[in-house]
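One structure is given below, encoded as structure tokens.
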There are 2 protein chains.
Amino acid sequence: MSPTMHDVARVAGVSIKTVSNVINDFPHVRQTTRLRVMAAIEELGYRPNLSARGLRSGRTGVIGLAVPELRQNYFAELADAVIRAAEKHDLGVLVEQTSGDRNREIAAVTGAGRLRLTDGLLFSPERLGQDDRHLLSNSFPFVMLGERMFGGPTDHVTMHNVSSAQAAVEHLLAIGRRRIALIGAHPDQREQVRSADLRVKGYKAALEAAGLPLDPQLVRVVAPWHRENGAEAMRDLIASDIEFDGLFALNDTLALGALRALGDAGRRVPDDVAVIGFDDIDEARFSIPSLSSVDPGRDEIAETAVQLLVERINEKGDEELPPRLIKPEFRIVARESTAT
Amino acid sequence: MSPTMHDVARVAGVSIKTVSNVINDFPHVRQTTRLRVMAAIEELGYRPNLSARGLRSGRTGVIGLAVPELRQNYFAELADAVIRAAEKHDLGVLVEQTSGDRNREIAAVTGAGRLRLTDGLLFSPERLGQDDRHLLSNSFPFVMLGERMFGGPTDHVTMHNVSSAQAAVEHLLAIGRRRIALIGAHPDQREQVRSADLRVKGYKAALEAAGLPLDPQLVRVVAPWHRENGAEAMRDLIASDIEFDGLFALNDTLALGALRALGDAGRRVPDDVAVIGFDDIDEARFSIPSLSSVDPGRDEIAETAVQLLVERINEKGDEELPPRLIKPEFRIVARESTAT
DNA sequence: CTGAAAGCGCTAACAA
DNA sequence: TTGTTAGCGCTTTCAG
């Protein structure tokens, strides 16, 4: 077995408490003692046992991040940002993939399984919705991400979906586009609070503000938001012979798929069709043509979410803050796909 | 505090040991007792404390995965696959990003910090090399990934770099290309065992087998393997006025950047230049044109790596297997960028 | 400033 | 088949 604090104490000729004091940077340790202890630690190659520490202190130093799947660029970049942010707080990140499986999302929020080992959870649902709020509680440090559930008992970091989508469409209008298609609307009409619906709302608001009619034929239902589906929706749209000169795709992946289908069909971007996506994933900068997009403030979302979670973890039982809802600033990133 | 086994035992009217037996699916528990215990667990919302279990059993049920950064598609897809594979063994995955920082890679292999909480580590180095083998030991369950360090004391899952690179170039030769450029060679000539050098070796082998000369001007040094660098290398190559009709990019990200630069310069792919990448990331299927690539067997790499790690974790002290080196089969994936 | 000792929640001998 | 009990390695009162 690896050495314990007792071993270190014995080698350094001090008590186990002193070793603990040194490790935890407690102030009242004489310098010579400290050095002696550190030498012993070095000599033995001692590493604290985090399970024991976790058991004793009630903290593991690890937070959980539950996302649908890392294969999706948006989540990979989110996870990247979250891990970096957690690091600043000296926290590790246990990544759980729910794979768009409702039961696994339920398991994640109700604290079953592995995530019990964590001090708190960042959760980005894909299947749970507004009706599942009863599953949430504020007894475990928890920060909601995304826009599938609002008004729960926990902190929530999300984005300005409506206004940023509206800004995206206004960007297309500003370069003279009038027949703007949208791909990525959600099939299920009953659900209201989700990225798709909110972004569609922004789309409609922009058209209305510009005094343009809403042509339902230009609004295409697509789910899930994968490249192939974006390409397929665009092929359908082209095949349907409906006229359009602009496209707002509800995320970049859809937009990239659509770009592909437009290219195949010989439509030039942006000349024939100007395209804007949503998320501003890395890839948007390097597609051909490069893709205009909405940066929803992903890095800030990650940093804020971790920050809120840390506050909840450190919260004393009595001082309970009410749930907070935070939306970082967004930004329209104009690239070639909407160049004039 | 959340309920403990004692609470459950009290409510169920049994001893703590019986609760433990039920939780761990031990055989010798009467059915009625089992039911009573399970009811109590349900009633109290009891969840085992994994820190305590970890302390007692020496197992946390979590493995570590150390990669450079999830932002890179290849690693996001690898992490995705690893998490899925780990799940089958009922293991969680703590993801650590080393961000191409040598010291953080050293910290990861030497078991400093958070990764102490894990039962084993999958490690994909970017900065550590052959000379750092002394940092490795086989005392902690560990599986090496990638091709920066060979011959260490641990299991290692890697890929057929040379032969698959050779196959990629032969694919270009087979469609009649004769002036094949390579981008992504590594600047440092001293280091031998790394993806870049191995793939360059495959490139040379293919040319030699075809009786073609090696033109050093066609081999471009690029690091790191990011899109922008791929685009830049291609712009340089085009600007240098050297003739070429094929391109082997040492990874897909470079290839996608190069595709971009080729498009900008008005060179048609595959007509003017046929392009093949390496890794077969998702994106390759959806670029314009779609990108031919080498699938190095990523899913199998992930599954095998987790499998080997689990074996090491379960290994009794006495039966030590010698280090194993495993290379899954590769596959050339032909798409539009090398269509005839 | 340092030491002694209790106990976090669980598992696994050993007893009954 | 079930109960009792001794720690796993650490933090943390409380004394000294």
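Residue numbers begin at 1 in each chain, while the letters A, B, ... track the order of the sequences. Model, not experiment: these values are computed from the prediction.
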A/S57 side chain near D/dC10 phosphate (N/O to OP1/OP2, under 4.0 Å): no
Please state how far atom [atom1] in [X] lies from atom [atom2] in [N], giving the value in whole angstrom units.
X     : N      : atom1 : atom2 : result
B/H6  : C/dT11 : NE2   : C1'   : 12 Å
B/L50 : C/dC8  : CG    : C1'   : 14 Å
B/D25 : C/dT11 : CG    : P     : 12 Å
B/I23 : C/dG9  : CD1   : C1'   : 11 Å
B/R36 : D/dT1  : CZ    : P     : 15 Å
B/N49 : D/dC8  : CG    : P     : 18 Å
B/N24 : D/dT2  : CG    : C1'   : 15 Å
B/I16 : C/dA15 : CD1   : C1'   : 16 Å

Sugar-phosphate, base or nothing in reach of A/T33, heavy atoms under 4.0 Å: sugar-phosphate
Touch class at under 4.0 angstrom, heavy-atom based, for A/S20 against every strand present: base
Heavy atoms from C-beta onward define the side chain here; which of [options] lies closest to that of [X]?
X     : options              : result
A/L55 : D/dT1, C/dC8, C/dG3  : C/dC8
B/T4  : C/dG3, C/dC10, C/dA5 : C/dC10
B/R30 : C/dA5, C/dC10, D/dT1 : D/dT1

Side-chain-base donor-acceptor pair under 3.5 Å for A/R53 and D/dG9: no
Flag side-chain contact, heavy atom, 4.5 Å: B/T154 against B/F123: no
Short side-chain donor-acceptor distance under 3.5 Å, A/D119 and A/T60: yes
B/R148 and B/E105 ion-paired at < 4.0 Å: no
salt_bridge(B/E87, B/R84) N-O dist < 4.0 Å: no
Upstream residue (5' side of DNA chain D) when B/T32 and A/R56 are each assigned their closest nucleotide: B/T32
Atom pair CD1 (A/I41) and CD (A/E43), whose distance is rounded to the nearest 0.5 Å: 11.5 Å
Upstream residue (5' side of DNA chain C) when B/A52 and B/K17 are each assigned their closest nucleotide: B/A52
